[in-house]
Asker: 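Structure incoming, see below.
A, B, ... follow the sequence lines: proteins, then strands. Residue 1 opens every chain.
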Number of protein chains: 2
Amino acid sequence: MYISTRGRYAVRALLDIALSDNGTPVSLRAISERQNLPISYLEQIFNRLKRVGMVQSVRGVNGGYHLGRIPDEITVGSIIKTMEGPIRLSKCDEPPSKRPACIGLDDCVARIMWKTLEGKIDVLLEGISIGQLVKDSKEMEKRKAVNKYEESIS
Amino acid sequence: MYISTRGRYAVRALLDIALSDNGTPVSLRAISERQNLPISYLEQIFNRLKRVGMVQSVRGVNGGYHLGRIPDEITVGSIIKTMEGPIRLSKCDEPPSKRPACIGLDDCVARIMWKTLEGKIDVLLEGISIGQLVKDSKEMEKRKAVNKYEESIS
DNA sequence: AACATTCTTGACACATAGTGTCGAGTATAT
DNA sequence: ATATACTCGACACTATGTGTCAAGAATGTT
């Protein structure tokens with residue numbers, strides 16, 4: 001019931017790009033340093049992000065990545081689903097190893113409940129975008145600046 | 001981002017008890033057969049369910065389990081949290097193995113977002129009870145009976 | 001009293017998935 | 001040329017999940 005590091009690092013990396021892209025592409029090295037994430041792991045992550053068009057790459061010196069869409073259209077839900085596959089709470093249809101597949105799936109009240117919950121969680125995750133996180137970040141920066149000012153005059 | 005089998009089996013097992021307890025305790029053997037779940041795994045699961053008072057046990061011949069509270073007060077959220085611990089999407093504070101702990105946690109926009117989502121998911125899960133699933137089950141049984149009848153006269 | 005049933009508890013084994021690392025390769029700017 | 005950076009696939013390690021097992025304790029039945 002937790003989001004993998006792949007998913008969470010991807011969110012942070014994309015937010016990093018959104019915040020620091022001033023025209024020249026953002027390199028994994030730069031993201032790695034700012035976010036303190038292993039660069040080799042980021043490579044793997046960006047491989048997937050690129051394949052679904054969530055980022056665009058520029059190769060060679062001074063290369064790096066741009067966002068592939070505007071921040072408001074990159075939702076946390078889409079990032080997680082890119083990194084982890086569809087939102088699923090139950091795996092009734094593909095049982096773990098030795099267990100036989102569950103029978104009467106369509107009639108299973110519990111399974112219907114999980115499916116319903118999956119849908120609601122999906123809505124939650126799709127409701128947050130990188131664009132929103134960018135706004136939150138800037139808001140937080142502003143507040144921190146004000147706090148510092150207030151400390152300095154007190 | 002999925003519920004463990006422990007959690008899901010626990011939900012099914014508790015629902016099974018709610019549906020089939022007619023006064024005499026429900027044995028793991030009976031649950032195991034009806035739900036097609038390994039009895040030895042159920043033992044482990046019920047160990048936890050008992051410790052938090054979600055079920056009451058009766059030992060010896062004709063022993064088994066009763067629900068420890070009324071079905072409406074046993075929420076899916078409480079079951080999952082009993083089996084898996086608190087709802088958490090991120091593990092920023094306890095990083096995996098070699099990684100250093102993330103710094104500036106309180107200022108991290110991403111982390112705040114995960115925490116907010118955790119709260120909303122918690123509300124979703126707490127909003128469903130075994131009592132509700134019992135109603136759903138009976139409703140479904142009724143519909144199935146009607147369908148059979150309609151087939152028989154067509 | 002002997003026995004079968006059933007819960008109780010802890011330890012253990014196996015499989016899967018997550019979390020990264022690594023190396024060889026390709027594209028590009030200087 | 002050379003250094004920078006993305007590209008791609010394979011691999012290794014670890015943690016967690018998913019169960020199994022055995023020995024024990026309580027209780028009803030004969």
Asker: Between atom CD1 in B:Ile45 and atom C1' in C:dT8, what is the gap in whole Å?
Answerer: 15 Å

Asker: Round to a whole Å and report the spacing from NE2 of B:His66 to P of C:dC7.
Answerer: 11 Å

Asker: When you get a sec, tell me which of C:dT21, D:dA5, D:dT18 is the closest nucleotide to the side chain of B:Arg6?
Answerer: D:dT18

Asker: Distance check: side-chain N/O of A:Lys50 vs OP1/OP2 of D:dC6, anything under 4.0 Å?
Answerer: no

Asker: At 4.0 Å (heavy atoms only), tell me whether B:Phe46 reaches a base, stays on the sugar-phosphate, or touches nothing.
Answerer: nothing

Asker: Output yes when at least one side-chain N/O atom of A:Tyr9 is less than 4.0 Å from OP1 or OP2 of C:dG20, else no.
Answerer: yes

Asker: Can you label the angle between the A:Phe46 ring and the A:Tyr65 ring as parallel, tilted or perpendicular, going by 30° and 60°?
Answerer: tilted

Asker: Which of these nucleotides, C:dT6, C:dT30, C:dT8, is closest to any side-chain atom of A:Asn62?
Answerer: C:dT30

Asker: Under the salt bridge (charged side-chain N to carboxylate O under 4.0 Å, His left out) test, which residues partner B:Lys120, sequence neighbours left out?
Answerer: none

Asker: Taking CG from A:Leu28 and C1' from C:dT21, how many angstroms apart are they, rounded to a whole number?
Answerer: 15 Å

Asker: Between C:dT6 atom P and B:Ile31 atom CD1, what is the distance in whole Å?
Answerer: 12 Å

Asker: Any pair with a residue in residues 49-64 of chain A that passes salt bridge (Lys or Arg N to Asp or Glu O under 4.0 Å), sequence neighbours left out, goes on the list, sorted by first then second residue, please.
Answerer: none

Asker: Under the side chain to side chain donor-acceptor pair (under 3.5 Å) rule, collect the residues that match up with A:Asn62, sequence neighbours excluded.
Answerer: none

Asker: Looking at C:dT19, D:dG19, D:dT4, which one has an atom nearest to any side-chain atom of A:Tyr41?
Answerer: C:dT19

Asker: Please confirm whether the shortest side-chain N or O distance from A:Tyr2 to OP1 or OP2 of C:dA17 is below 4.0 Å.
Answerer: no

Asker: If the condition is side-chain contact (heavy atoms from CB on, under 4.5 Å), which residues does A:Val58 pass it with, not counting sequence neighbours?
Answerer: A:Pro25, A:His66

Asker: D:dT4 C1' sits how many Å from A:Leu42 CG, rounded?
Answerer: 17 Å

Asker: So which one's nearest nucleotide on DNA chain D is more toward 5', A:Gly63 or A:Asn47?
Answerer: A:Gly63

Asker: Over how many whole Å does the gap from B:Gln44 atom CD to D:dT18 atom C1' extend?
Answerer: 8 Å

Asker: Kindly say if B:Thr5 contacts the phosphate of D:dT18, meaning a side-chain N or O under 4.0 Å from OP1 or OP2.
Answerer: yes

Asker: If you assign A:Ser57 and B:Gly7 each to the DNA chain D nucleotide with the nearest heavy atom, which residue ends up on the more 5' nucleotide?
Answerer: A:Ser57

Asker: Give the nucleotide from the list D:dG19, C:dA29, D:dT16 with an atom nearest to the side chain of B:Lys91.
Answerer: D:dT16

Asker: Nearest 0.5 Å please: distance from the CG atom of A:Leu28 over to the CD atom of A:Glu33.
Answerer: 11.5 Å

Asker: Rounded to whole angstrom units, what separation is found between the CE atom of B:Met1 and the C1' atom of D:dG17?
Answerer: 17 Å

Asker: Rounded to whole angstroms, how far apart are CZ on B:Arg51 and P on C:dC7?
Answerer: 16 Å

Asker: A:Glu84: what forms a salt bridge (charged side-chain N to carboxylate O under 4.0 Å, His left out) with it, not counting sequence neighbours?
Answerer: none

Asker: Name the closest nucleotide to the A:Arg29 side chain, picking from D:dT18, D:dA5, C:dC7.
Answerer: D:dA5

Asker: Salt bridge or not for B:Lys148 and B:Glu151, using N-O below 4.0 Å?
Answerer: no

Asker: Name the pairs: protein N/O against N/O of nucleotides 24-26 of chain C, kept only if under 3.5 Å.
Answerer:
residue: C:dT26; atom: O2; partner: A:Arg59; partner atom: NH2; Å: 2.6

